[in-house]
Amino acid sequence: MGLPQQIICYALWLGSVFALAEWLRARKVDGEWVRKVIHIGVGNIILLAWALQVPRWLGVSFSLVFAGLALLSYRVAILQSLNGVGRRSFGTCFYALSIGLLLYWFWLPERQLFAVIGILVMTWADALAGLVGKTWGQHRYQLGSIQKSWEGSLTMWGVSSLVIGAVLLGYFGFSTPLLGISLLVGGIAMGLEVFSWYGLDNLTVPLASGGLCFILVQGLNL
């Protein structure tokens, strides 16, 4: 597929995600759910990029544009679905930046899977952990000014490990050390998600997940 077609596919995907989010917001759907639609929809674009083998510069460029839109949305009433949860957070901007950084570092032959891991961990694990914690979180714990639930944190660990394991085992084949890496990095992602001041976990979790998996897998000489 040529570059014009790749750009069109990227634009159509992102346009559809934001159109759905704005449609949900207009129908008074809870702002947290609307943000998760954006969070999951935007993050899954990495699978499209992997399938189409888009060039690194294109992915990084789209990430920077998205980060700029996120920042602008704090000042101007555009894409109000980005900031509809009533709390101060730069999480969406951080997430876009983390996607751009992961693509810049890892969007090279035989390294792309580590960008995919970092982005998908944040896409699915963080989103589901937040929803589980908000909906079913009954067992709370406090770290300074941050309040979390064990239900949400364990969901973060479980989904992170599942995502990492699926990508690593799907790419390299079954391996007990890779299962260990999945559980270990998933646990670290859980720990980082706890410290989520101003949405900072949207930067730390994907970068740490992708980077640690790369370092640990390199040590296995696969």
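One distance of note links CG of Leu120 with CD1 of Ile46; it measures 7.5 Å at 0.5 Å rounding.
Phe18 and Phe66 have their aromatic ring centers within a separation under 6.0 angstrom.
Shortest non-hydrogen contact noted between Ser160 and Ala125 is OG-CB, 3.2 Å. Of all the heavy atoms in Ser153 and Val194, the pair that sits closest is OG-CG2, 4.4 Å. Nearest approach of Ser63 to Ile99, heavy atoms of both residues: OG-CG2, 3.2 Å.
Without hydrogens or angle criteria, Glu193 side chain to Met156 main chain gives no donor-acceptor distance under 3.5 Å. The closest donor-acceptor contact from the side chain of Ser98 to the backbone of Leu203 lies at 3.5 Å or more, if one exists at all. Using modelled atom types, no side-chain atom of Trp105 and backbone atom of Gly100 make a donor-acceptor pair closer than 3.5 Å. No side-chain donor-acceptor contact under 3.5 Å links His39 to the backbone of Trp33. Looking only at distances, no side-chain donor or acceptor of Arg56 sits under 3.5 Å from a matching main-chain atom of Trp107. Checking side-chain atoms of Tyr95 against main-chain N and O of Pro206 turns up no donor-acceptor pair under 3.5 Å.
Using modelled atom types and a 3.5 Å distance limit, the side chains of Gln112 and Gln53 yield a donor-acceptor pair. No side-chain donor-acceptor contact under 3.5 Å links Asn44 and Trp13.
Ring-plane geometry between Tyr171 and Trp50 is classed as parallel, the angle between the planes falling under 30 degrees on a 0 to 90 degree scale with a further cut at 60.
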